[in-house]
Every structure is written in C-alpha cells, then in structure tokens.
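Notes follow the structure.
Below, each value reflects all heavy atoms present in this structure, side chains not excepted, and no hydrogens, waters or symmetry copies. Note that the numbering runs from 1 along the sequence shown for the chain.
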Amino acid sequence: MKTTGLNFRHLYFFRVVAAEGSVTRAAERLGLAIQTVSTQIAALEQSIGKSLLTQQGRRLVPTETGRVALTYAEQIFELGDRMQEALQESDAGKMRLTVGISDSLPKLIAYRLLQASMNMKVKVKLVCLEDEFDSLLADLALHKLDVVLTDRSIRATASLRVFSHLLGESEMQLFGAQKLARRYARNFPHSLTGAPLLLPTRNNALRGRIDKWLLDHEVQPDVVGEFEDNAMLNTFGRNGLGLFFAPSALAIDLKEQFDAVLVGNAPELREQFYAISSERRIKHPAVEALLQATHSGLFA
C-alpha cells in the first residue's frame, strides 16, 4: 500500500460518487466532465491501494474498504462544516456549543445546567438536540456533539472514548395537579395504593429505583402511563392524568409552569445528572464551564 498523503479533493469526489451511485450522475451534479471525476476516484484508489467502488447492477456501491472510507469521509466533512461555522461565529464574537439532551432528562434541569455555560465572557450560541441516549452517544463519538446531558453514566471502552461527569443530584418528590394531589397527600406514601401514577419507561435509569421505592413502602399504584420523554410525562401530569415524580430542585418551577403541587417527599429516591464528554485534545471552554456546575450548588 502506498503511503502518500490523502487528498481531500479526491475524497470529496468519492463521497459524491458514492451518494449518486454513478460517475455520470456525480459529474452532472458537480458540473464536470466524466473523465475528470473518474480520474479523481482512480487517484484516490491508487493512493490507498484498494478498490473503493464496485458495480452492483446499474449502480456503483462502496466496497468493504469503501464503506470504511465513506464513514471517515462523512466525519471529516462534518467536522469541516462545523469548523467553518465556528470560525464564522468566532468572527461575530460567538462560540458555538452543540449539546445533546437525553429525552429522559427533565428539561428544566437541562436549562439550569446550560446556564453555567452561558455565563461566560464570550457569547455562546447554543444548539440543543434531543434524542435517545444511545443515539446521542453515537453522535458524540462522531464529534457531532460537544457534550451530552443525561441522567445516567457510562463507562468508557476501547471503542467508545467518552467520560461521565457527575454534575449533581436531587432527591425526588411526587407531584400532581392540585385536585389529584390533595386526594393522595394524606397518609402518604401508603395512600398511593391504587393511585394513578405516571412513570418513565423501564429503559430509564430512574425507573428501577422508583420500582424499588414502591416495593419498599409496600404500595401498589395504578400505573396509567409510561413515557420515554420526560416533557411528555410532565404534560400528562399537569393535565391530571396521574401523579409523577420529579426532582425536588424543580418544585417551584413545577408550581409556576405546570400548576403541579407537592404530594409527598421521597428522600430515599434520588436522581443523578451527568455530562458525557468525548476525549479531545482541545477542550471546549463552554463544556469546561458547564462541568464546573458540580460545585455551584445548583441542586442544593
């Protein structure tokens, strides 16, 4: 295999041909001669020493080596686009921070955490994306995200170089719409037997601890709904469908925004909040500011 340096122009042409499935269509898209595109692909294959494309029916498709190359190409050009955006925003006096927010994380908690990164001398432009935990980790590994906010930790592996940072924790309380809350507040928690309860789904980090808490107190509520998305759970709760657990740190916000009131305390039940970061030589200043939230008394 030759060890000549990789030509990114060649890589770009390969990416376009792989997307179009045809040198002819790629040439039309690029406004170039077919021979020019073919020459670029041939040069890339020669520098690598392996074929990257093969004929499959009427289409050109990546070989096994081509699929690996295409994965890296997508990452390279994704980072290039983000670098250009970052440089443009830098000229405007702004720093871009792309945050993945787990759908199980209370959005008010995410807001409080991100406040730490916004209180910087440099203006920060936030880009927030919500998704399932596993999808966010994949995007973090591909450097599409600067950090992930979630309610669970994860161990780094040889193939996944990420790190969990505990930002804080809060004891849980049970809330509900006023009429429903008054009905079950007396003789709490024993009053919860038969009470309508909204819970996170079983893939949520908190769910197992809630189940154990209910078992320890020997109560059997009527689980009327299970939700992956925390915001959806709160929406159903504010409309009186059932009672729901939330961090005590959000009691005032839940009263003001959702008109939800306290049913009872569950001090044995606690929820943790984490920032997941990737291994990078250059650390993002806004992520570093966010990690300092651990010492800010945010959840006191």
Side-chain angles (χ1 to χ4, degrees), residues 1-92 94-100 125 127-129 131-132 134-148 156-163 276-287:
M1 180 185 295
K2 296 186 177 182
T3 58
T4 55
L6 184 65
N7 186 305
F8 290 101
R9 179 188 293 269
H10 298 163
L11 194 62
Y12 177 74
F13 279 91
F14 163 65
R15 182 180 178 225
V16 175
V17 172
E20 295 294 333
S22 164
V23 173
T24 301
R25 285 196 294 272
E28 291 174 353
R29 172 177 162 182
L30 296 167
L32 299 171
I34 295 174
Q35 184 60 38
T36 300
V37 177
S38 297
T39 300
Q40 300 289 328
I41 299 299
L44 179 61
E45 291 180 328
Q46 185 178 8
S47 69
I48 293 175
K50 292 184 178 181
S51 297
L52 298 177
L53 295 163
T54 186
Q55 196 75 35
Q56 188 177 88
R58 294 185 177 182
R59 288 182 58 85
L60 281 176
V61 298
T63 62
E64 184 175 348
T65 300
R67 287 194 294 271
V68 174
L70 189 59
T71 298
Y72 281 99
E74 295 294 346
Q75 295 180 42
I76 288 169
F77 289 108
E78 169 77 19
L79 287 172
D81 291 342
R82 290 187 61 194
M83 181 187 72
Q84 186 174 5
E85 290 175 355
L87 291 175
Q88 290 172 346
E89 288 161 5
S90 178
D91 290 339
K94 291 183 179 180
M95 178 187 301
R96 182 187 179 94
L97 176 63
T98 307
V99 183
K125 178 182 178 180
V127 179
C128 295
L129 306 172
D131 208 336
E132 296 179 356
D134 291 341
S135 297
L136 294 176
L137 280 186
D139 285 343
L140 182 67
L142 293 175
H143 302 300
K144 294 181 179 180
L145 299 173
D146 296 310
V147 68
V148 171
T157 65
S159 59
L160 188 63
R161 300 295 295 170
V162 297
F163 300 91
I276 312 295
S277 65
S278 61
E279 182 181 44
R280 290 185 178 178
R281 293 182 180 179
I282 302 176
K283 297 186 182 297
H284 196 301
V287 174

(message) Closer than 3.5 angstrom, by distance alone: can the side chain of D146 be matched with the main-chain N or O of T98 as a donor-acceptor pair?
(response) yes
(message) Treating T63 as the side-chain partner and S51 as the backbone partner, does any N or O pair qualify as donor plus acceptor under 3.5 Å?
(response) yes
Where do [X] and [Y] come nearest, in terms of heavy atoms and distance?
X: S38; Y: V23; value: OG-CG1, 3.5 Å
X: V16; Y: A26; value: CG1-CB, 3.8 Å
X: A69; Y: F14; value: CB-CE2, 4.0 Å
X: P62; Y: L70; value: CG-CD2, 4.3 Å
X: V99; Y: L145; value: C-CD2, 4.1 Å
X: E20; Y: R59; value: O-NH1, 3.5 Å

(message) Just verifying a value: how many Å separate E45 CD and Q40 CD, rounded to the nearest 0.5 Å?
(response) 12.0 Å
(request) Rounded to the nearest 0.5 Å, what's the gap from CG on L136 to CD1 on I276? Could you check? (result) 10.5 Å
(request) Determine whether more than 12 heavy atoms belonging to other residues, nucleotides or ligands lie under 6.0 Å from atom CD of Q56. (result) no
(request) Decide side-chain contact (heavy atoms from CB on, under 4.5 Å) for K125 and L97; before the verdict, give the C-alpha distance in whole Å, the side-chain angles of both, and the deciding distance to 0.1 Å. (result) CA-CA 6 Å; K125 178 182 178 180; L97 176 63; over 6 Å; no
(message) So F13 and L44, do their side chains get closer than 4.5 Å, heavy atoms only?
(response) no
(request) Would you indicate whether the side-chain heavy atoms of L11 and R15 approach each other to under 4.5 Å? (result) no
(request) Decide side-chain contact (heavy atoms from CB on, under 4.5 Å) for Q46 and H10; before the verdict, give the C-alpha distance in whole Å, the side-chain angles of both, and the deciding distance to 0.1 Å. (result) CA-CA 11 Å; Q46 185 178 8; H10 298 163; over 6 Å; no
(request) For the pair V37 and V17, evaluate side-chain contact (heavy atoms from CB on, under 4.5 Å) and give the outcome as yes or no after the intermediate values. (result) CA-CA 8 Å; V37 177; V17 172; 3.6 Å; yes
(message) Just by distance, no angles: are the side chains of T24 and E28 close enough, under 3.5 Å, to form a donor-acceptor pair?
(response) no
